[in-house]
Each structure stands twice: as structure tokens, then as C-alpha cells.
Amino acid sequence: MLRISGPREEEEEEQEEEEEDCPELVPIDLQQQQPPPPQKEEKPDPFAKIPVTIITGYLGAGKTTLLNYILTEQHNKRIAVILNEFGEGSALEKSLAISQGGDLFEEWLELRNGCLCCSVKDNGLKAIENLMQKKGKFDYILLETTGLADPGAVASMFWVDAELGSDIYLDGIVSVVDSKYGLRHLTEEKPDGLINEAVRQVALADIIIINKTDLVAEEELIKIRTIIRSINGLGKILDTQRSRVDLSKVLDLHSFDSLSGISLQKKLQHMQTTQPHLDKSIVTVTFEVLGSTTEENLNIFIQNLLWEKTVKNKADNTMEVIRLKGLVSIKDKPHQVIVQAVHELYDLEETPVKWKEDTERTNRLVLIGRNLDKEILKHLFIDTVTEKQVSS
Ligand SMILES: Nc1nc2c(ncn2[C@@H]2O[C@H](COP(=O)(O)OP(=O)(O)OP(=O)(O)O)[C@@H](O)[C@H]2O)c(=O)[nH]1
Ligand SMILES: [Zn+2]
């Protein structure tokens, strides 16, 4: 998904001849979008190269929170944001992101081929360049990778592209780490000698943000800092809450400038970048159930899953949820509610978006984890909804 914030260019025709094998960026249908705040018009320098910052980090670490923070703080740059989500979850991702920061954006576009690091490497950039030709230049591009991505695969396409004389260059790689669960992610052993993706994300970073410091004591912070340092001896380490970071420390870093891509090449040589999604045991499940649930039933559904761990798949293995996102309808609440979980921590948040009187209410959930069975989860959710109508 690509979203662009900033002053609107004049309307341009939707259609343009497609290049073969090149993913196209297409607008997303926006139902809930608010009109954007007025912003001051600034003409970008047509010859300046456009910096790209890759934002990486494990599932639920705070990448989207960082994006939204940057977009809220930055008012003079025209920033394009690419959300490199993959799989079935993207429909919900859109509506969640819209609810969170919809009024900040002018335009939303989707990368049709889905995951950037899975699509042909340099064509991912071609899509951005094509878009810039259509819509005019941006001042900055932020690219959020999925929580399970190997950022090396995404970064390497910039190195390839640097040789091709692109308009875009990689400015830096920012990795967000969860204070509470980061240690677990970084020390987790993978079967068959697979490399832990959380470690790769930290290893490649120029800046490492230790986020959610409100959730841990100082001793735990020291532990996580030590392990991060042992993985990456050079990157700058920052502590944050809600990913609130001094923007001058994450943007315009020029991490790879002086050697025009060579240091990036060196960095990438240490990593094999062949497997974008390393852990095949982690799956994404998405479903939708019409109707409304009571808050109590919703809590029971979530707590059985995350706390009691009583929910099993057909092979009698406990379902392990690493990340949960949902847009749900709670009885007697006129507004849509977002549910977010990272491992066993979860919260419900009422959005400013009201359910429409004349349309049926619905619940959309995305779960990422191990041993997840869609049918079982969906049926459990149907049980929590008072009106038991189902849609697929
Ligand atoms: N307590 C606490 N929660 C936070 C903090 N930062 C973010 N969160 C919460 O953590 C959850 C995940 O945040 P996101 O920004 O969506 O994480 P993400 O890395 O984009 O997640 P994925 O894209 O699913 O991998 C949300 O519920 C946030 O509200 C923080 O500093 N403290
Ligand atoms: Zn995210």
C-alpha cells in the first residue's frame, strides 16, 4: 500500500500504459477518509534525488506507530508511505491505517503485486518511479516492511537500483524493537538452522529504536540494549515510547551516500537475502463475521486465545497468536472499535468512525501466529456475536 501526504497535484488521468512485469500502484477505495488539513504548497526540486527510509522490526514492535508519528510531526515534506504488507491481511490493514491516521493523507495507493520484497526486486522501485512520473515528485519516501520480512531483500533492490541511476536512494534502515518481547524474538531459536528474522532486522539497521519503554523496568532495558549491541556494533540505539523519536535522528541520515551504495553492498554481503519471509510456520488468518458482540464476550474470546491458551487446532496444538488486529462492532457502541494485540497484551480502542445506520455492522480480524486454524477461530468468533450471521 502506498499513501502520500502533502499538497494535491492537479487531477491526472488514471490510466497509463502498463510496463510489463511492473507492479502498479493503484488507488484504494476510501470510504472513511476525512478531508486532509490544508498544507502549504512547496515545489520540490526536480533534480533532487528522493531519500527512502526503510522501517523494519518484528510483528507489533511499533513500525506503523512510528510512521504515523513522522507524518504527524512533518508538515513541510511531501511524504509517500509504502506499507509493504502482504497476504490476506491487507484489506484490514488499510482500514486500520485509515482509522488511525486517515486525515493525514491525501491519496492512498496499493502496490498491486502485494509484497514488495517478494515481487521482482528492481520492479518494486520501478513502480515508485512510475508513480512519481504520474504524480510529481515526493520529498521523502517511507517504506514499512512486514514484521516478518528480511529487510536485506528490500534494501538490496536499492543497491541494484543505485547502479541504474535511479531518482531514489536508500537513506537508512530503521529497526523498531519491542522492549517487552524483543528479547524473546531475538533469542528465539529457529528450526533447521533458519536465521531468526528479528536478528536480521537489527543486524542491518542504521538506527535501532527500542520502543515501548513504558512496559519494562530499567534492568530489562539494559538486557535488551546489550543483546542489540552484540548483534549490531555500529547502529545508533534510541529508546522511545509510542515511537516518538527526534526526527533528525531517523530521517536524512545519508547512511550510504559517500560510497554510493558500496557500503550497502558490503553490509548485504554478510546476509543471504534469498528468503524474504523466513519463518514458514507463522501464518496469517483473516476472517469477517457480521453482527455485533458484547464487550464481555469479545474479552472472553481474546483472553481464551491469548491468556488462557485454551484454543487448539484440529491436531490439538495450542494456537499461538503473535499479533492480532481487528475492526469490530461492539453492541451499544455507535463507533467502530479497533482491537490490537501483541502476544498476550491487548487493548480495545474506540475510533472516531461511526457505523452507518443503514448498513450492517461487521467484524474483521487478522491473526498472525502458529497453529492457527481459520475455521475454528471464525466459529469461535461467531459464537461471541449475538446475531449469528456469517459472511466469508
Ligand atoms: N505500551 C505501549 N504500546 C505501544 C507503544 N508503541 C506502540 N504500541 C502499541 O503496540 C501495538 C503495535 O503497534 P504498531 O505500530 O501497529 O506495530 P507494527 O510494528 O506496525 O505492527 P505490524 O505491522 O503488525 O508488525 C499497537 O497496539 C500500539 O498501540 C509504546 O511505546 N507503548
Ligand atoms: Zn504496521
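Just so you know, ligand 1 is whichever comes first in the structure, and atom 1 is the first atom listed for that ligand.
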Would you mind running through ligand 1 and noting each atom that sits below 4.0 Å from a heavy atom of [X]?
X: Leu59; value: 25 (O)
X: Gln241; value: 31 (O)
X: Lys325; value: 22 (P), 23 (O), 24 (O)
X: Asp214; value: 1 (N), 2 (C), 30 (C), 31 (O), 32 (N)

Does an N or O anywhere in [X] fall below 3.5 Å from an N or O of ligand 1?
X: Thr240; value: no
X: Val342; value: no
X: Thr213; value: no

remark   = Scanning both residues in full, the closest heavy-atom pair of Thr56 with Gln201 reads OG1-CG, 3.4 Å

task = Kindly check if the number of other-residue, nucleotide or ligand heavy atoms within 6.0 Å of CG (Leu234) is above 12?
result = no

request  = Using heavy-atom distances, let me know which of Asn211, Val216, Ile322 sits nearest atom 6 (N) of ligand 1.
outcome  = Asn211

task = Look up atom CZ in Arg361 and atom CH2 in Trp355, then write down how far apart they are to the nearest 0.5 Å.
result = 7.0 Å

remark   = One should read off an interatomic distance between Asp347 CG and Gln340 CD, to the nearest 0.5 angstrom, of 7.0 Å

With heavy atoms only and a cut-off of under 4.0 Å, state how [X] meets ligand 1: side chain, backbone, both or neither.
X: Leu215; result: side chain
X: Lys212; result: both
X: Thr65; result: both
X: Arg242; result: both

inquiry  = Quick test of your reading of the model: are Glu320 and Lys309 salt-bridged, counting only N-O distances below 4.0 Å?
reply    = no

Salt bridge present between Asp383 and Lys378 (N-O < 4.0 angstrom) = no

ask   = Under 4.5 Å between any side-chain heavy atoms of Ile55 and Ile70, yes or no?
value = yes

inquiry  = Given Asp178, which partner from the list Lys63, Arg184, Lys212 fulfils the salt bridge (Lys or Arg N to Asp or Glu O under 4.0 Å) test?
reply    = Lys212

inquiry  = Classify the ring geometry of Tyr169 against His254: parallel below 30°, tilted from 30° to 60°, perpendicular beyond 60°.
reply    = parallel

query = Would you call Glu144 a ligand 1 contact, heavy-atom distance under 4.0 Å?
reply = yes

ask   = Could a heavy atom of Gly60 be found less than 4.0 Å from some atom of ligand 1?
value = yes

